[in-house]
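Below is one structure, written out as structure tokens, with a few remarks after it.
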Amino acid sequence: MLPRFWRKIRYRYNLIGTECTNCGKKFYPPRNLCPECRRKSRISEVELGEEGTVISYTVIHDASEPYKLQKPYVVGLVKLNSGPTVTSQIVCDPESVEIGMRVRAVFRKYGEDGEDGIIYYGTKFEPLNAGEME
Amino acid sequence: MVGIVSYGTYIPRYRIKAEEIARIWGENAEAIKNGLGVYEKSVPDIDEDTATISVMCAREAVKRAGIPRNSIGAVFVGSESHPYAVKPTATIVGEALGIDRFFHSADLEFACKAGTAGIQNCMAMVESGMIRYGLAIGADTSQGAPGDPLEYSASAGGAAFIIGDDGTIAEIRDTLSFTTDTPDFWRREGQPYPSHGGRFTGEPAYFRHVSTAAGEIMKRNNLSPEDFSYAVFHMPNGKFPVRVARMLGFTGKQIEQGLVVRYIGNTYSGSSLLGFCAVLDIARPEERILLTSFGSGAGSDAFIIEVTENIESIERNPGVWEKIRNGVYIDYGFYAKLRRKIRMG
């Protein structure tokens with residue numbers, strides 16, 4: 001678990017994906033091969049920006065043990081302005097999430113390996129108008 | 001001259017009111033509010049800690065600066081609530097900012113003044129030519145034991161500063177530190193909550209250190225309170241900074257803009273820095289600011305800062321007061337869950 005997470009830190013802390021410069025398609029999570037261009041694919045890393053739109057979501061009411069303190073929480077599909085669609089937690093009141101909602105990337109804790117293990121950090125999304133006084 | 005190139009802030013969105021805490025512990029909310037001068041405080045979300053707050057305010061500072069990320073040669077994170085006892089928060093911040101791996105980094109701890117200590121370290125490294133820009137962050141998710149008076153004020157937030165000597169929005173004309181061995185507030189290794197000396201945290205600790213550092217730096221620069229547009233003092237509560245300002249000869253008008261503690265509480269390493277950022281949000285060229293932090297244990301770092309014309313060309317929105325106003329109120333039960341005050345079975 002530890003080395004597997006460590007290898008992906010670069011892509012989890014920031015929305016860095018890959019782009020096939022042959023066809024212009026962008027991927028997140030990063031791909032090493034373009035499924036369209038195959039052997040003609042030319043892959044390079046690209047920063048995907050921090051804003052996007054919720055295109056679908058679900059609310060998790062029955063969370064697994066490490067996430068039970070967060071329930072109910074929202075997991076959604078966020079279409080980034082730069083193109084790719086990212087699956088991510090959306091940090092907001094489950095009552096307020098809606099399709100078409102504009103969101104931006106934030107840096108949050110994903111979880112931790114118990115009280116003496118490492119802490120996992122990464123990207124989540126929050127509404128662009130987050131925190132307006134209710 | 002070395003100074004501030006850019007700044008960024010972050011305040012978690014949840015708020016709890018003094019009335020709600022007082023309701024649980026059977027205390028008189030009005031008496032608490034009058035005594036402490038804190039009406040509500042910020043509360044971090046369940047997935048926020050000092051590392052996430054540091055990253056969020058640092059990203060804002062870097063974005064506003066418009067400098068190449070790789071020109072940042074040092075990252076200091078000052079906090080008394082680093083997520084790890086051993087593993088620097090600064091490593092997480094550096095990685096999340098995407099700066100190349102050739103940067104100096106260290107975590108600092110000096111109760112509530114670790115953030116200003118980071119600014120001084122960056123100043124020294126920039127002035128000596130070791131680095132071009134340094135990043136200094138003060139951030140905390142401080143805790144008070146349930147039922148302790150600290151619970152009304154200990155809160156969360158952070159501020160980040162890019163320190164350099166070109167394109168500065170504010171020049172740091174002088175800095176002076178005053179340090180003694182004064183055990184007014186402490187937390188022993190492995191203890192979840194800090195302990196403090198009650199009233200002892202006042203005269204021999206806060207007031208002695210803040211007034212000495214602030215008084216001496218003005219004296220050695222031949223300046224007096226009327227030479228400053230603004231003054232910001234560390235805000236452990238809403239009363240101490242007002243009183244020390246009066247002791248030194250500052251008016252209420254000079255400190256009002258930076259007095260953020262009443263609505264977000266004491267953000268510890270972020271406290272005086274968030275107040276200072278609130279001042280930078282509205283500061284105009286040639287205005288002079290006195291900033292004095294305080295860290296229990298104890299010490300104060302004082303700074304004389306002069307705003308340059310570059311302040312008008314940097315993005316300053318959303319400002320600190322706008323972020324303060326954008327909060328969501330929670331009750332004590334939810335607060336207790338977020339702050340892990342409930343023992344789980």
Side-chain angles (χ1 to χ4, degrees), chain A residues 2 5-16 45-51 63 65-74 88-93 95-96 104-134, chain B residues 10-15 40 42 44-60 62-63 69 82-87 89 91-101 141 158 190 192 263 318 322-330 334 336-340 342 344-345:
Chain A
L2 198 151
F5 193 88
W6 174 75
R7 276 195 289 272
K8 303 290 184 193
I9 274 179
R10 178 173 167 73
Y11 310 105
R12 289 199 166 118
Y13 284 13
N14 288 289
L15 290 167
I16 296 173
E45 281 192 356
V46 61
E47 291 189 18
L48 296 170
E50 59 178 27
E51 290 186 14
E65 189 65 24
Y67 304 101
K68 70 177 183 185
L69 283 178
Q70 296 188 42
K71 72 176 185 182
Y73 62 89
V74 181
S88 170
Q89 189 175 333
I90 298 164
V91 188
C92 67
D93 179 354
E95 298 290 320
S96 69
R104 66 161 189 154
V106 290
F107 189 77
R108 296 281 181 129
K109 265 166 74 167
Y110 280 0
E112 54 192 59
D113 276 343
E115 287 192 354
D116 58 355
I118 67 159
I119 305 166
Y120 302 106
Y121 295 97
T123 301
K124 295 182 182 179
F125 288 83
E126 70 171 11
L128 268 177
N129 60 355
E132 285 182 5
M133 215 58 135
E134 288 173 353
Chain B
Y10 185 79
I11 302 165
R13 71 192 177 117
Y14 288 133
R15 305 277 183 276
E40 54 193 69
S42 60
D45 206 340
I46 195 113
D47 57 357
E48 291 184 303
D49 63 15
T50 292
T52 66
I53 290 170
S54 298
V55 168
M56 293 302 286
C57 60
R59 278 182 176 166
E60 187 173 81
V62 171
K63 194 173 175 183
R69 283 177 296 202
H82 290 290
Y84 289 95
V86 179
K87 187 196 178 330
T89 310
T91 58
I92 300 164
V93 174
E95 188 74 44
L97 291 180
I99 53 183
D100 72 18
R101 279 66 188 265
T141 55
Y263 300 98
E322 188 180 338
K323 291 178 185 180
I324 289 172
R325 281 190 288 270
N326 286 346
V328 174
Y329 292 116
I330 59 172
F334 191 50
K337 184 176 105 167
L338 292 178
R339 301 307 286 134
R340 313 274 177 116
I342 301 169
M344 305 297 285

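What you see below is based on every heavy atom in this structure, not just the backbone, and it leaves out hydrogens, waters and symmetry mates. Chain naming here is simple, since letters A, B, ... match the order of the sequence lines and numbering starts at 1 in each.
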Next item on the list: Please look at I92(B) and chain A and tell me whether the side chain, the backbone, both or neither of the residue comes under 4.5 angstrom of a heavy atom of that chain.
Entry: both
Next item on the list: Against chain A, label F334(B) side chain, backbone, both or neither, depending on which of its atoms sit under 4.5 Å from a heavy atom there.
Entry: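 Contact with chain A: none, neither part.
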Notebook entry, point to check: In terms of heavy-atom pairs under 4.5 Å with chain A, which of A51(B), G98(B), A85(B), P12(B) leads?
Noted result: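 Highest number of heavy-atom pairs under 4.5 Å: A51(B).
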Margin query: Taking the basic N atoms (NZ, or NE/NH1/NH2) and the acidic carboxylate oxygens, is any pair closer than 4.0 Å for K63(B) and E50(A)?
Written below: yes
Evaluate whether atom [atom1] of [X] has more than 12 neighbouring non-hydrogen atoms of other residues, nucleotides or ligands under 6.0 angstrom away.
| X | atom1 | value |
| --- | --- | --- |
| Y120(A) | OH | yes |
| E47(A) | CD | no |
| K8(A) | NZ | no |

Within-4.5 Å side-chain heavy-atom neighbours: [X] and [Y]:
| X | Y | result |
| --- | --- | --- |
| V106(A) | E48(B) | no |
| L69(A) | M344(B) | yes |
| Y73(A) | D47(B) | no |
| R108(A) | D45(B) | yes |

Next item on the list: Below 4.5 Å from any heavy atom of chain B, which atoms of I16(A) appear? Answer side chain, backbone, both or neither.
Entry: neither
Notebook entry, point to check: Who among T123(A), I119(A), I9(A) has the most heavy-atom pairs with chain B under 4.5 Å?
Noted result: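 When all of T123(A), I119(A), I9(A) are compared, I119(A) has the most.
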Check: Say you draw a straight line from CZ of F107(A) to CG of L97(B); how long is it, rounded to the nearest 0.5 Å?
Finding: 9.0 Å
So which atom in [X] and which in [Y] form the shortest heavy-atom distance, rounded to 0.1 Å?
| X | Y | result |
| --- | --- | --- |
| G117(A) | Y84(B) | O-CE2, 4.4 Å |
| A96(B) | N14(A) | O-ND2, 2.9 Å |
| E95(B) | Y13(A) | CG-CD2, 3.6 Å |

